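Below you'll find the structure, written out as structure tokens, and then a few comments.
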Amino acid sequence: MQVVVAQGHGGGVVVAGAGELSEAQFARYVADLERSRAPRWVMSSVARLYPVLLRFGVRIGRCLDLSLTEGLLLAAAGKAGEPKELPAAWARLHGLEPPPDSPAHADQQPALFDAREPGLPPGTDPARAAEDVLAAQERRITRLDHPDRFRLLIAAESASALVAAEMGVDGLPWRADVHDRLLTELLGPRTPAGQRPKKLAELATRISDAFGGKPVNPDSPQTIVRAFGREGISVPSARAHVLRTVDHPAVPLLIEYRELARLHSANGWAWLDEWVDGGRFRPSWVVGGVVSGRWASSGGGALQIPKTLRVCVRADPGWKLVVADAAQLEPRVLAALSGDRRLAEASASTDLYARLADAMFAGTMDVTEGRPRAKIAMLSAMYGGTAGEAASLLALLRRRFPDAVSYVEHAARAGERGERVRSRLGRVSPAPSAAWRALTGGSDDDVRARQAARDWGRFTRNFVVQASAADFTSVLLATLRRRLPAPAHLVFFQHDEVIVHAPEQLAPDVETAIAASVPEAARLTFGPACPVHFPMQPVTVDTYADAK
DNA sequence: ACTTCCGAGCTT
DNA sequence: CCTAAAGCTCGGAAGT
């Protein structure tokens with residue numbers, strides 16, 4: 001059973017067959033039907049509609065997100081970045097100019113600028129429009145190279161959108177008191193906004209003293225570069241790794257200042273006030289926010305939480321955090337994509353790079369020397385690195401694992417020609433810009449043109465791996481969400497890592513759910529015959545900091 | 001006072 | 001730092 005749902009013209013929600021409902025009616029309707037029939041809910045946008053249900057405490061099992069589907073179909077058609085929400089999809093279907101996507105989310109101050117105005121022409125039935133778009137999308141999917149894989153992708157992305165909305169409501173357990181204590185220890189007592197904490201103020205003074213007493217603002221890179229210039233030291237920038245090469249008494253002070261100032265400005269008391277409430281950090285998560293299909297976040301820098309603050313992520317009393325990350329995910333994805341038998345065999349090991357080192361350097365060097373080199377070789381293959389000894393290491397890797405290396409090199413050459421590449425489940429890389437085409441279009445061997453072509457080749461080389469890894473983790477989220485025993489729930493997802501918050505007695509079941517989800521996701525994503533092993537060892541802890 | 005850009009650094 | 005790329009956020013600085 002399938003039920004189509006879209007934003008209504010009057011601020012409510014239109015359900016096919018039930019007309020426009022108020023939010024409370026909508027929530028009750030969904031709760032009832034979810035209990036009796038558990039349909040697949042087809043939503044114009046999960047990010048806009050599901051938070052409405054979550055506010056009423058209603059959760060759903062299965063859905064299809066028309067906006068995410070439209071975005072993936074547009075990318076597959078070489079039209080990445082065009083508006084993808086229902087009004088735009090409907091307009092394109094009728095040969096009309098598609099309106100831009102509206103920026104706000106349904107759960108953000110709708111009264112202020114009515115974010116739930118559907119954007120469809122007045123008189124158009126939103127549910128009917130959604131049904132038309134759904135049918136058209138199904139026709140477009142049928143014409144793709146691998147419709148079955150794409151259907152899996154949109155199912156997984158839709159389930160991921162449910163996870164993202166639920167994580168936004170549930171929040172990541174965050175101990176403000178632990179955070180505050182940490183800040184006070186490192187920076188000194190809290191100061192009013194705009195005023196440097198004691199530790200920073202002291203360091204700023206000592207830095208100025210180290211430069212002969214002339215005031216130097218350590219927050220200004222330009223000022224730092226000029227200050228070194230006055231000392232007869234020429235530095236290209238004020239970056240920490242540049243400063244580390246300079247022998248000057250101000251350097252250690254600057255580095256310490258910058259580390260602490262970074263913590264203060266990015267994750268200090270102001271951050272705590274703005275983002276942590278009731279023991280939870282609630283960022284908003286953007287499924288497919290990155291072209292490769294990775295998630296992005298907005299608000300609070302949820303994907304940039306510094307490792308030093310992981311101690312603040314603590315389970316509630318009587319609860320645990322179950323943390324798991326997919327170790328060395330990308331080389332394993334490459335093994336699965338390329339069908340490289342020997343790389344797949346190496347994936348049997350938890351430490352893939354040690355096995356690579358053995359294959360590459362057996363007899364010539366031991367694993368402590370070989371492993372970092374094997375890692376550079378593999379990362380160079382996936383990222384297009386050429387610095388240092390990367391090129392020669394890559395050549396050796398190519399001799400041992402020709403299928404894997406030729407897979408990414410094929411993607412790189414396609415990118416250099418301006419072609420688009422695709423992930424396992426059918427995410428398609430964007431077409432290069434008109435400026436890129438103009439630059440690389442000539443037949444001359446212009447240096448800039450060669451550089452631009454190589455740069456884009458590096459992007460497509462990485463895209464096939466990173467986007468396929470995103471395929472895998474998307475499917476993983478979908479399978480894991482289904483298997484988690486209530487009330488355990490996902491609270492964090494960062495590219496290849498998940499955190500589940502669970503009552504203590506359920507933690508073993510959560511570990512089991514994760515252990516079962518991984519091979520299921522691998523089988524669904526890469527096929528039942530895929531021999532690649534994806535280790536993902538769950539760990540039950542009280543604080544995130546103890547997970548690694 | 002506001003916008004826009006840049007440098008920097010954090011995560012994967 | 002090391003091997004690459006993308007995205008988020010901040011503060012400074014320059015432009016309007």
Side-chain angles (χ1 to χ4, degrees), chain A residues 193-194 196 200 204 216-226 235-246 254-255 257-271 274-275 283-286 288-310 313 325-331 333 353 371-394 397 408 412 415 429-430 454-467 469-470 473 492-498 544 548:
Chain A
R196 279 188 184 126
L200 289 180
V216 171
N217 178 3
D219 288 321
S220 165
Q222 295 181 20
T223 309
I224 295 169
V225 170
R226 280 199 298 268
V235 285
S237 75
R239 288 182 168 89
H241 69 96
V242 172
L243 296 187
R244 273 183 232 277
T245 66
V246 175
L254 277 168
I255 287 169
Y257 177 90
R258 294 276 288 282
E259 282 175 2
L260 294 174
R262 165 83 194 179
L263 178 67
H264 181 239
S265 70
N267 298 99
W269 289 284
W271 181 91
E274 187 174 356
W275 295 108
S284 64
W285 304 94
V286 187
V290 183
V291 284
S292 66
R294 280 185 166 188
W295 287 23
S297 69
S298 73
L303 294 173
Q304 292 86 37
I305 298 170
K307 289 183 172 165
T308 51
L309 290 185
R310 290 185 180 183
V313 181
D325 75 310
Q328 303 154 348
L329 175 61
E330 294 191 342
V333 165
Y353 293 125
R371 191 184 181 282
R373 288 181 169 80
K375 188 173 176 181
I376 288 173
M378 179 51 80
L379 293 173
S380 300
M382 295 186 300
Y383 298 140
T386 53
E389 50 179 348
S392 59
L393 289 171
L394 184 52
L397 185 77
V408 281
S429 68
R454 263 200 306 272
D455 287 348
W456 198 254
R458 216 165 34 238
F459 168 68
T460 53
R461 171 196 292 265
N462 183 242
F463 183 94
V464 292
V465 177
Q466 193 183 107
T473 54
F492 190 67
F493 169 61
Q494 186 170 226
H495 309 315
D496 58 2
E497 182 175 23
V498 294
Y544 186 22
K548 275 194 263 198

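Throughout, a chain's letter reflects where its sequence line sits, starting with A, and its residues are numbered from 1. Values below: every heavy atom of this structure, side chains too, minus hydrogens, waters and symmetry copies. Predicted model, so just to flag it, every value in this text is computed and none were measured.
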Practice prompt. For C:dT9, take OP1 and OP2 only and decide whether either is under 4.0 Å from a side-chain N or O of A:Ser265.
Written response: no
Worksheet item: Is the distance from OP1 or OP2 of C:dG11 to the nearest side-chain N or O of A:Ser220 less than 4.0 Å?
Response: no
Worksheet entry | Gap in Å between the two P atoms, one belonging to C:dC2 and one to C:dA6, rounded | 16 Å
Worksheet entry | d(CD, A:Gln494; C1', C:dG7) in whole Å | 12 Å
Discussion item. Quick one, A:Pro306 and A:Asn267 - any side-chain contact, counting heavy atoms below 4.5 Å?
Written reply: yes
Response to the item:
Of B:dA8, C:dG7, B:dT12, the nucleotide closest to the side chain of A:Ser237 is B:dA8
Worksheet entry | Modelled atom types, side-chain donor and acceptor of A:Ser284 and A:Ser298, under 3.5 Å | yes
Discussion item. Students often get this wrong, so: under 4.0 angstrom with heavy atoms, is A:Thr223 touching a base, only sugar-phosphate, or nothing?
Written reply: sugar-phosphate
Worksheet entry | Closest to the A:Arg262 side chain, choosing from B:dT11, B:dA8, C:dG11 | B:dA8
Discussion item. Taking A:Arg294 first and then A:Glu330, would you say they form a salt bridge - that is, a charged N and a carboxylate O separated by under 4.0 Å?
Written reply: yes
Item to complete: Measure the distance from NE2 on A:His495 to C1' on B:dT12 and round it to the nearest whole Å.
Response: 4 Å
Worksheet entry | Side-chain donor or acceptor of A:Asp325 paired with backbone N/O of A:Ala327 under 3.5 Å | no
Worksheet item: Which part of the nucleic acid, if any, lies within contact of A:Arg461, taking any heavy atom under 4.0 Å across all strands shown: a base, the sugar-phosphate backbone alone, or nothing?
Response: nothing
Discussion item. Let me spell it out: for each of A:Trp456 and A:Glu389, pick the nucleotide of DNA chain C with the closest heavy atom. Which residue's pick is nearer the 5' end?
Written reply: A:Glu389
Worksheet entry | A:Arg239 vs B:dA8: side-chain N/O to OP1/OP2 distance below 4.0 Å | yes
Worksheet item: Rounding to a whole Å, what distance do you find between A:Glu330:CD and C:dA5:C1'?
Response: 10 Å
Discussion item. Counting the atoms with a prime plus P, OP1 and OP2 as sugar-phosphate, which does A:Asn462 contact under 4.0 Å by heavy atoms, base, sugar-phosphate, or nothing?
Written reply: nothing
Worksheet item: When you check the side-chain N and O atoms of A:Tyr257 and A:Arg262, is any donor under 3.5 Å from an acceptor?
Response: no
Worksheet entry | Nearest listed nucleotide, side chain of A:Phe459, among B:dT12, B:dC10, C:dA6 | C:dA6
Discussion item. Is it the case that the ring center of A:Trp285 lies less than 6.0 angstrom away from the ring center of A:Phe493?
Written reply: no
Worksheet item: Taking atom P in both B:dG9 and C:dC1, what distance in whole Å separates the two?
Response: 11 Å
Item to complete: Round to a whole Å and report the spacing from CG of A:Leu329 to P of C:dA4.
Response: 20 Å
Practice prompt. Using a heavy-atom cut-off of under 4.0 Å over every strand shown, decide if A:Ala377 touches base, sugar-phosphate, or nothing.
Written response: nothing
Discussion item. Classify A:Asn267 by what it touches in the nucleic acid, base, sugar-phosphate, or nothing, heavy-atom distance under 4.0 Å.
Written reply: nothing
Discussion item. Taking the cut-offs as 6.0 angstrom to the six-membered ring centre and 45 degrees off its axis, would you call A:Arg371 and A:Tyr353 a cation-pi pair?
Written reply: no
Item to complete: Side chain of A:Asp219 only, please: which of C:dG11, B:dG7, B:dT12 is the nearest?
Response: C:dG11
Discussion item. Does B:dG9 have its OP1 or OP2 closer than 4.0 Å to a side-chain nitrogen or oxygen of A:Lys307?
Written reply: no
Worksheet entry | Minimum-distance nucleotide to A:Val290 side chain [options: C:dG7, C:dA4, B:dG7] | C:dG7
Discussion item. For a quick check of understanding: with a heavy-atom distance under 4.0 Å over all strands, which category does A:Arg258 fall into, base, sugar-phosphate or nothing?
Written reply: sugar-phosphate
Worksheet item: For atom P, what is the distance between B:dG7 and C:dT3, given to the nearest Å?
Response: 23 Å
Discussion item. Under 4.0 Å, counting only non-hydrogen atoms across every strand here, what does A:Ser297 touch: a base, just sugar-phosphate, or nothing?
Written reply: sugar-phosphate
Item to complete: Determine the contact category for A:Ala240: base if any of its heavy atoms lies under 4.0 Å from a base atom, sugar-phosphate if only primed atoms, P, OP1 or OP2 are that close, otherwise nothing.
Response: sugar-phosphate
Worksheet item: Looking at C:dA6, C:dT3, B:dT11, which one has an atom nearest to any side-chain atom of A:Ser380?
Response: C:dT3
Practice prompt. Check every atom of C:dC1, B:dG7, B:dT11 against the side chain of A:His241 and return the nucleotide holding the closest atom.
Written response: C:dC1
Response to the item:
Ranking B:dA8, C:dG12, B:dT12 by distance to the side chain of A:Asn217, first place goes to C:dG12
